[in-house]
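Here the structure comes first, spelled out in C-alpha cells, and everything after it is commentary.
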Amino acid sequence: MKLAAELVSKGATMLAEPCPADGGIQVRYRGKVYCTTHDDLSSITTASAVSYDSVVAQLREVLLSRLNETTAALGVERDPARQDQLVSLASKYFELLQRLPQK
Ligand SMILES: [Zn+2]
C-alpha cells in the first residue's frame, strides 16, 4: 500500500481491478500495468527519479551558464594562448547545446 502510494505520487494510476494472479494492488505507469505485490518495482521507483527531460533541461541550463561565463572571460582575456583555450571551450559548449533536443 505504501509502495502504491509512492508510485501514485510519481504519476502512476491506481487500478480498481486487483491482480488476477495474487489479488495485489495494480497500478498503471507510463502505459504499463504493474502489480505492487509480484512485479519488481524498484526499477520504476528509482528510474522515475531521473528523467531524460529533466537531465536535458538541467544540462541546457549548465551549458548556457558556462557559455556565458566563458564569453565574459574571453572578452577581458589578453593572453592569446588563454583566448585560444576559451574559444575552444565555448565552441564545445555551443556544439553540445545545439545537439540537445529542441523543445
Ligand atoms: Zn500480482
Side-chain angles (χ1 to χ4, degrees):
M1 195 65 204
K2 187 176 166 241
L3 185 60
E6 192 188 331
L7 289 169
V8 167
S9 77
K10 290 180 188 301
T13 316
M14 217 181 284
L15 301 183
E17 312 83 45
C19 173
D22 55 22
I25 299 168
Q26 294 191 111
V27 294
R28 187 192 303 279
Y29 183 72
R30 294 189 177 170
K32 288 177 83 176
V33 174
Y34 299 91
C35 168
T36 56
T37 305
H38 78 262
D39 278 327
D40 178 22
L41 301 165
S42 55
S43 61
I44 309 174
T45 48
T46 51
S48 59
V50 177
S51 80
Y52 180 77
D53 285 348
S54 69
V55 171
V56 166
Q58 197 185 350
L59 182 57
R60 181 183 285 115
E61 254 178 59
V62 169
L63 288 170
L64 274 173
S65 150
R66 288 283 178 252
L67 186 56
N68 185 39
E69 287 169 20
T70 308
T71 305
L74 183 61
V76 295
E77 185 57 60
R78 293 282 171 209
D79 178 16
R82 183 83 185 112
Q83 284 178 26
D84 188 52
Q85 284 182 345
L86 289 169
V87 167
S88 159
L89 199 57
S91 162
K92 283 174 189 167
Y93 291 148
F94 193 69
E95 195 182 321
L96 193 49
L97 266 171
Q98 291 196 313
R99 280 201 217 155
L100 293 178
Q102 301 300 313
K103 278 189 178 174

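In each ligand, atom 1 is the first atom listed, and ligand 1 is the first ligand listed. Since the structure is predicted, the reported quantities are computational estimates derived from the model, not experimental observations. Values reported hereafter were calculated over all heavy atoms of this structure, with side chains retained and with hydrogens, waters and symmetry mates removed.
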Exercise. Stepwise, does the side chain to side chain contact (heavy atoms under 4.5 Å, CB included) test hold for Val8 with Thr13?
Worked result: CA-CA 6 Å; Val8 167; Thr13 316; over 6 Å; no

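Closest approach of Gly24 and Cys35 over heavy atoms only: CA-SG, 4.2 Å.
A chain of hydrophobic side-chain contacts below 4.5 Å, direct or via other Ile, Leu, Val, Met, Phe, Trp or Tyr residues, connects Phe94 to Val56.
Among the atoms of Asp39, none of the N, O or S atoms falls under 2.8 Å from the Zn ion (ligand 1).
Between Asp22 atom OD1 and Cys35 atom SG, the angle centred on the Zn ion (ligand 1) amounts to 100° (nearest 10°).
When you scan the N, O or S atoms of His38 for the one nearest the Zn ion (ligand 1), you land on ND1.
Salt bridge status for Glu69 with Arg66: present, with a side-chain N to carboxylate O gap under 4.0 Å.
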